[in-house]
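Below is one structure, written out as structure tokens, with a few remarks after it.
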Amino acid sequence: MHRLIEFIKRIYVLVIFLLVEGVALWTYASSSPYTEAKILSRTTAVGGAISNTIGSVEHFFSLPETNRMLTARVAELSEQLEAVGGGEYSRVDTLAQGMSERTGGHFRYHEARVVSLTTNRLRNSIILDKGSADGIAKDMGVVTPKNELVGYVVLCSDHYCVVQPMLSVEFSTGGRLVDNGHVCMIIWSGQSQYRVEAKDLSVYSEPHEGMVVEVRSERLPEGVVIGTIEEYELNSAKSAYSAVVNIAADMSRLDNVLIVENTHYGELQELQTQLEVNR
Amino acid sequence: MTLMLLFLQIFILDELSIALWLRPMLFPLIVLLLPMEWRTIWVMLIALAVGMVMDLAQGGSGLYTATLLPLAIMRSSILFITTRRSVEAGDQSSLFSRLSMRLMMIYVGAMLLVHHALFFILERLSFAMPGMLILTIVCSALLSLIIAWPIVRFLGSKIHNK
């Protein structure tokens with residue numbers, strides 16, 4: 001105890017300095033959007049680099065497990081290859097290339113790894129290890145390898161990008177009920193990290209438990225799953241349904257993800273701008 | 001003295017628009033010229049008060065405080081680096097009274113340079129035009145030192161007379 005008091009006596013000036021300096025810097029950083037963006041991008045880059053290093057170490061130690069899984073997967077695929085007759089599938093495509101081909105050309109997939117992520121805030125974010133130098137741009141969609149929605153890219157540096165996941169109160173995207181095609185708006189209220197809300201569902205949509213909801217957005221191809229309906233209710237005016245949707249992707253255990261690029265997105269944006277101008 | 005320096009900074013120097021790269025700042029002198037024998041915590045509290053006054057007066061939102069506080073911590077190290085003098089424990093005599101005017105100005109110049117570098121880097125938060133940034137830091141620190149010269153001289157003579 002005596003030593004502890006001595007230690008505190010020795011460092012209290014430094015501790016007070018760090019505290020007061022931290023408060024002053026924080027006040028300055030949040031004083032204008034410019035300082036906020038500049039300091040955020042610097043701290044994100046530093047934080048990203050640190051998390052990336054830690055992640056690489058963790059990744060290194062998990063290599064035996066990854067090897068075991070890959071070996072099992074190779075064996076399984078070899079069996080499938082044999083079953084379909086060999087030659088036709090002799091080229092081993094990466095998951096990203098395979099998915100690019102499956103979606104018919106104008107969607108391109110980029111593999112990325114999660115550097116850091118948060119799930120316990122109202123405005124959560126995910127940092128990925130791909131940036132503008134790898135062809136990543138704002139508004140690209142992010143999905144899991146199982147084609148489940150994660151979020152959209154909102155910010156890019158040269159080697160990293162920040163994703164706004166579904167678990168952000170600022171997130172919104174279009175949704176569609178797979179069974180009958182009725183559209184809705186997907187938002188997150190911040191109450192549970194496993195559920196989002198589907199709003200403005202038509203009264204004719206007849207939602208029911210277990211119904212699959214997928215993304216309807218020009219940023220992503222068809223078939224990207226958001227989740228399944230857990231409960232639903234008609235609003236008091238009886239004009240629309242709202243539903244609670246169980247998120248398909250496990251947002252707290254993301255590691256490898258795919259960034260989806262719509263090569264026609266610029267064209268679509270231009271059309272939208274023209275439409276706005278003509279109005 | 002403190003009030004005079006604050007008045008000079010807020011109502012005269014900050015109102016001058018000589019050039020974008022020439023912005024003299026004298027208020028760090030309040031922290032630099034406090035007796036070296038003072039404990040760091042008291043110097044830090046005074047730096048905090050001066051920084052807050054400047055932030056309120058100039059709308060700095062913490063910028064002045066954030067750049068003035070490190071000076072309180074670095075004072076004795078920079079004094080040792082520039083003049084090879086250190087404050088001995090239990091030394092009650094004024095260290096400044098034992099410094100020659102030349103050494104005093106070297107110490108003040110080094111501290112002003114550190115402060116101006118911190119201030120302009122934090123204000124811009126960008127290294128897009130490094131030449132312009134370095135020019136602003138060096139020229140502003142130099143002009144501050146020139147303006148500070150008679151003030152330091154006057155204070156020095158007062159200390160020596162005691």
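Residue numbering restarts at 1 for every chain, and letters A, B, ... go by the order of the sequence lines.
- Figure legend: A:Arg10 and A:Tyr12 shown without cation-pi pairing, the cationic atom not lying both under 6.0 angstrom from the six-membered ring centre and within 45 degrees of its axis.
- Only the side chain of B:Leu48 comes within contact range of chain A, with at least one heavy atom under 4.5 Å from a heavy atom of that chain.
- Contact annotation for A:Thr35: both backbone and side-chain heavy atoms come within less than 4.5 Å of a heavy atom of chain B.
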>> Walk me through whether A:His159 and A:Asp129 qualify under side chain to side chain donor-acceptor pair (under 3.5 Å).
In response: CA-CA 6 Å; A:His159 302 103; A:Asp129 68 346; over 6 Å; no
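- Residue B:Ile73 touches chain A through its side chain alone, counting heavy-atom pairs closer than 4.5 Å.
- Ion pairing of A:Glu197 with A:Lys199 is present here, as a side-chain N (NZ or NE/NH1/NH2) and a carboxylate O approach within less than 4.0 Å.
- Inspection of the A:Thr118 and A:Asn120 side chains reveals no N or O donor paired with an N or O acceptor under 3.5 Å.
- Listed options B:Leu122, B:Thr65, B:Ile41 were ranked by heavy-atom pairs under 4.5 angstrom with chain A; first place goes to B:Leu122.
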